[in-house]
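Only a predicted model underlies this, so the values are computations on that prediction, with no experimental measurement involved.
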Amino acid sequence: MSQSSSTHSMSLMCFITITVALFLLLVTTTHARIYADPDQEQERSFASQFLIPHNAARSKVRVPPLVWSAKLTRYAQWYANQRSNDCALEHSNGRYGENLFWGGGAGWTPAQAVKLWAEEEQYYNYNLNSCDEGQMCGHYTQIVWNNTRKVGCANVTCSSDQGTFITCNYHPPGNYIGERPY
């Protein structure tokens, strides 16, 4: 066998091996999607509604993306359930960072809540490391806090048509006085 036909045979073998590997990968991932747990898919979708806008804000200031935490989500849900009767914007005073949202009526989405928090960026003065006078920016600075790595969130529709309550919890927490978020 000549060098040329040997090289051709090796190339053909590599092509066949790669083709078979890609086929097996396709079959495996398709099989996994067919038999995926619908509850897990719903949870991933819920998490992504929070994570995408959080990480978009973080990306703008070049800090690492957050990951979803089941532990923080359980805590957030526990606290959201406490607020389901009154929708009060009172912090849980737990050991995590926390952003709260209330919107009148039903239908508020996670992305809308995070967008409103992130829009506080316009009131944050990095050079002075403070909010503009009379403005809030602490929700924003918690979102982009460089050392924060995990987030978990929950929402409830409050009783008697009082609106929607959304909470996100962050670990490690941020917003330490005198420290810059990034």
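Judged by distance alone, the side chain of Q82 and the main-chain N or O of W78 form a donor-acceptor pair under 3.5 Å. Judged purely by atom type and a 3.5 angstrom limit, Q135 has no side-chain atom pairing as donor or acceptor with the backbone of D132. Looking only at distances, no side-chain donor or acceptor of W117 sits under 3.5 Å from a matching main-chain atom of Q112.
Residues Y140 and Y123 keep their aromatic ring centres 6.0 Å or farther apart. For an aromatic pair to be called close, the ring centres must be under 6.0 Å apart, and F165 with F101 fails this.
Y182 approaches N146 most closely through the heavy-atom pair CA-CB, 4.1 Å. Shortest non-hydrogen contact noted between A80 and T167 is CB-CG2, 4.1 Å. Closest non-hydrogen pair, A76 versus G152, comes out as CB-O, 3.7 Å. Looking at every heavy atom in both residues, R83 comes nearest to A88 through CD-O, 3.0 Å.
Taken to the nearest 0.5 Å, the CZ atom of F50 stands 4.5 Å off from the SG atom of C168. The structure places OG of S130 at 5.5 Å from CG of N125, a figure rounded to the nearest 0.5 Å. For the atom pair CZ of R44 and CG of L51, the computed distance is 12.5 Å after rounding to the nearest 0.5 Å. For the atom pair CH2 of W102 and CD of Q162, the computed distance is 9.0 Å after rounding to the nearest 0.5 Å. Note that the SG atom of C87 and the CD1 atom of I166 stand 9.5 Å from one another [nearest 0.5 Å]. Atoms CD and NZ, from E120 and K115 in turn, are 12.5 Å apart once rounded to the nearest 0.5 Å.
Between W145 and I143 there is no side-chain heavy-atom pair separated by less than 4.5 Å. L66 has its side chain within reach of Y170: a pair of non-hydrogen atoms, C-beta onward, lies under 4.5 Å apart. In this structure the side chain of T164 never reaches within 4.5 angstrom of the side chain of V156, judged on heavy atoms.
In the displayed structure, R180 atom CZ is contacted under 6.0 Å by more than 12 heavy atoms of other residues, nucleotides or ligands. By the neighbour-count criterion of 12 heavy atoms within 6.0 Å, atom CD of Q122 is densely surrounded, having more than that number from other residues, nucleotides or ligands.
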For this session: May I have the step-by-step check of side-chain contact (heavy atoms from CB on, under 4.5 Å) for V151 and H54, ending in yes or no?
Result: CA-CA 9 Å; V151 65; H54 269 91; 4.2 Å; yes

Problem set entry | Candidate pair H139 and Y124, rule ring-ring contact (aromatic ring centres under 6.0 Å, His included), full reasoning | CA-CA 10 Å; H139 300 103; Y124 177 65; over 10 Å; no

For this session: Take N169 and Y79 through the test side chain to side chain donor-acceptor pair (under 3.5 Å) and record every step on the way to the result.
Result: CA-CA 10 Å; N169 291 96; Y79 189 64; over 6 Å; no

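Within the structure, side chain to side chain donor-acceptor pair (under 3.5 Å) contacts touching residues 58-69 (residues at least two apart or in different chains) are K60-E121, W68-T73.
With hydrogens and angles left out, the side-chain atoms of N99 and Q142 include no donor and acceptor closer than 3.5 Å. Residues Y75 and S92 bring a donor and an acceptor atom of their side chains to less than 3.5 Å of each other. A donor and an acceptor atom, one from each side chain of T141 and N175, are located under 3.5 Å apart.
Looking at residues two or more places apart in sequence or on another chain, you find a side-chain contact (heavy atoms from CB on, under 4.5 Å) between P173 and H171, Y176.
Hydrophobic clustering (ILVMFWY, side-chain heavy atoms < 4.5 Å, transitive): I52 and L116 are in distinct clusters.
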